[in-house]
Trainee: 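Pasting a structure here, questions to come.
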Amino acid sequence: MATDAKQRPVYVISVAAELVDMHPQTLRLYERKGLIRPGRSSGKTRLYSERDIDHLREIRRLTQELGVNLAGVEEVMRLQHELDDIQDEFEAEIERLEGEIRARAQTHALPSSQDAVTDPRDRPVYVISIAAELVDMHPQTLRLYERKNLIRPGRSSGKTRLYSERDIDHLREIRRFTQELGVNLAGVEEIMRLRFQLEGTRARLEGRIGDIQQDIQSRMTAWRELPSSQTGYCGP
């Protein structure tokens, strides 16, 4: 898979440093901070993948172009690694399940997918005044964060902003980054962009796996209900 190629550790530290225009010592520092996770050869030599190179370029963009401090960069990269891991995990699971489908494939039509169940934490319930009180912020601050796309409240039929429990969690995280860790707004925007991407990816891939699992179950049920003459199975 293309993902496998991007993960293959191929570059020694001197080449990786040259590719991203950094000093090798900087790469070692970023590794100690957990910002990148290079592989190792059998002789314990650091080897960097295309994905590592992409991460290093992103770190440089955050620090040099956006002025994000190290605490903000650490959070961005933690989310990026989590996103990478969950994508790898779900891609492997989807590949396994699709292989199972191919192994048991029949001529029956696929069942229709069930409607996705909405997470209760995503239900918009709080008006802006209550949400602001819950997170100890001014309502105008919440409006600013919405314009910056840091939060995405729902709307009632009358277009009133309504915030969910997940929105409240996001607002508390934003306050922690800005007030406790000193992350600038550009850094917070990157963090929340990745947070939304991670949540969306997880929901999408979990739904995909659920569909595949349902398909496997339906196919296996149909297989068991077919007369043996229609299955094509002739015995050992």
Side-chain angles (χ1 to χ4, degrees), residues 58 62 68 71-98 110-218:
E58 178 65 3
L62 292 169
V68 180
V73 173
E74 287 177 0
E75 180 64 17
V76 167
M77 299 314 297
R78 183 188 68 77
L79 289 169
Q80 184 62 63
H81 289 314
E82 188 176 345
L83 182 62
D84 292 341
D85 291 344
I86 199 170
Q87 286 177 327
D88 293 343
E89 176 186 341
F90 278 109
E91 283 173 8
E93 179 68 5
I94 286 172
E95 187 173 0
R96 184 189 71 78
L97 291 169
E98 288 179 337
L110 292 175
S112 59
S113 298
Q114 294 178 330
D115 292 334
V117 178
T118 303
D119 189 327
R121 295 181 65 246
D122 291 322
R123 188 177 299 119
V125 290
Y126 302 115
V127 296
I128 192 169
S129 58
I130 299 298
E133 184 177 350
L134 285 171
V135 297
D136 194 23
M137 293 180 182
H138 194 280
Q140 282 294 88
T141 305
L142 272 61
R143 293 187 180 95
L144 169 64
Y145 288 163
E146 181 182 355
R147 290 197 299 274
K148 292 287 187 180
N149 206 31
L150 302 185
I151 51 172
R152 302 170 181 175
R155 288 290 194 279
S156 70
S157 56
K159 305 302 181 183
T160 299
R161 289 178 178 85
L162 291 175
Y163 296 79
S164 66
E165 287 291 343
R166 195 184 300 275
D167 293 324
I168 299 302
D169 289 344
H170 286 172
L171 286 164
R172 287 175 175 145
E173 275 292 277
I174 293 168
R175 187 178 60 189
R176 184 176 72 87
F177 293 133
T178 55
Q179 296 185 14
E180 297 179 23
L181 300 180
V183 180
N184 66 2
L185 200 56
V188 174
E189 288 177 6
E190 291 294 316
I191 291 167
M192 298 311 296
R193 179 185 64 79
L194 276 173
R195 180 70 56 86
F196 290 132
Q197 185 179 350
L198 179 61
E199 290 170 354
T201 298
R202 181 182 288 114
R204 185 175 67 255
L205 294 177
E206 285 177 348
R208 175 67 175 139
I209 286 178
D211 289 344
I212 293 172
Q213 288 173 330
Q214 181 188 5
D215 183 40
I216 289 173
Q217 186 62 41
S218 297

Trainee: Using 4.0 Å as the upper bound for N to carboxylate O, is an ion pair formed by E190 and R193?
Mentor: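 Yes, this pair counts.
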
Trainee: Tell me which one of E75, E189, E82 satisfies salt bridge (Lys or Arg N to Asp or Glu O under 4.0 Å) with R195.
Mentor: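 Among E75, E189, E82, the one meeting salt bridge (Lys or Arg N to Asp or Glu O under 4.0 Å) with R195 is E75.
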
Trainee: Output the distance between atom CD (E173) and atom CG (D169), rounded to the nearest 0.5 Å.
Mentor: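 Between E173 CD and D169 CG, I get 8.0 Å after rounding to 0.5 Å.
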
Trainee: Measuring from atom CG of L162 to atom CD1 of I130, what distance do you get when rounded to the nearest 0.5 angstrom?
Mentor: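 Separation between the atoms: 11.5 Å.
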
Trainee: Quick one, R143 with H138, criterion side-chain contact (heavy atoms from CB on, under 4.5 Å). Give me CA distance, side-chain angles, the key distance, then yes/no.
Mentor: CA-CA 9 Å; R143 293 187 180 95; H138 194 280; 5.7 Å; no

Trainee: As an exercise, state the distance from CG of L185 to CD1 of I191, rounded to the nearest 0.5 Å.
Mentor: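 Going from the CG atom of L185 to the CD1 atom of I191 covers 10.5 Å.
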
Trainee: With no hydrogens and no angle check, do the side chains of H170 and E165 hold a donor and an acceptor under 3.5 Å apart?
Mentor: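 The criterion, which ignores hydrogens and geometry beyond distance, is not satisfied for E165 and H170.
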
Trainee: Distance from T141 atom OG1 to L171 atom CG, nearest 0.5 Å?
Mentor: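 Here the interatomic distance stands at 9.5 Å.
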
Trainee: Can you tell me how far the CD atom of E180 sits from the CZ atom of R176, to the nearest 0.5 Å?
Mentor: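 Spacing of CD (E180) from CZ (R176) equals 6.5 Å.
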
Trainee: Minimum heavy-atom separation for L142 to I151, with atom names?
Mentor: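 Here L142 and I151 meet closest at O-CD1, 3.7 Å.
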
Trainee: Give a yes or no on whether a salt bridge exists between R161 and E146, defined as a side-chain N under 4.0 angstrom from a carboxylate O.
Mentor: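 The answer is yes: the pair qualifies as a salt bridge.
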
Trainee: Could you grab the distance from atom CZ of F196 to atom CG of L79, nearest 0.5 Å is fine?
Mentor: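 It is 11.5 Å, given to the nearest 0.5 Å.
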
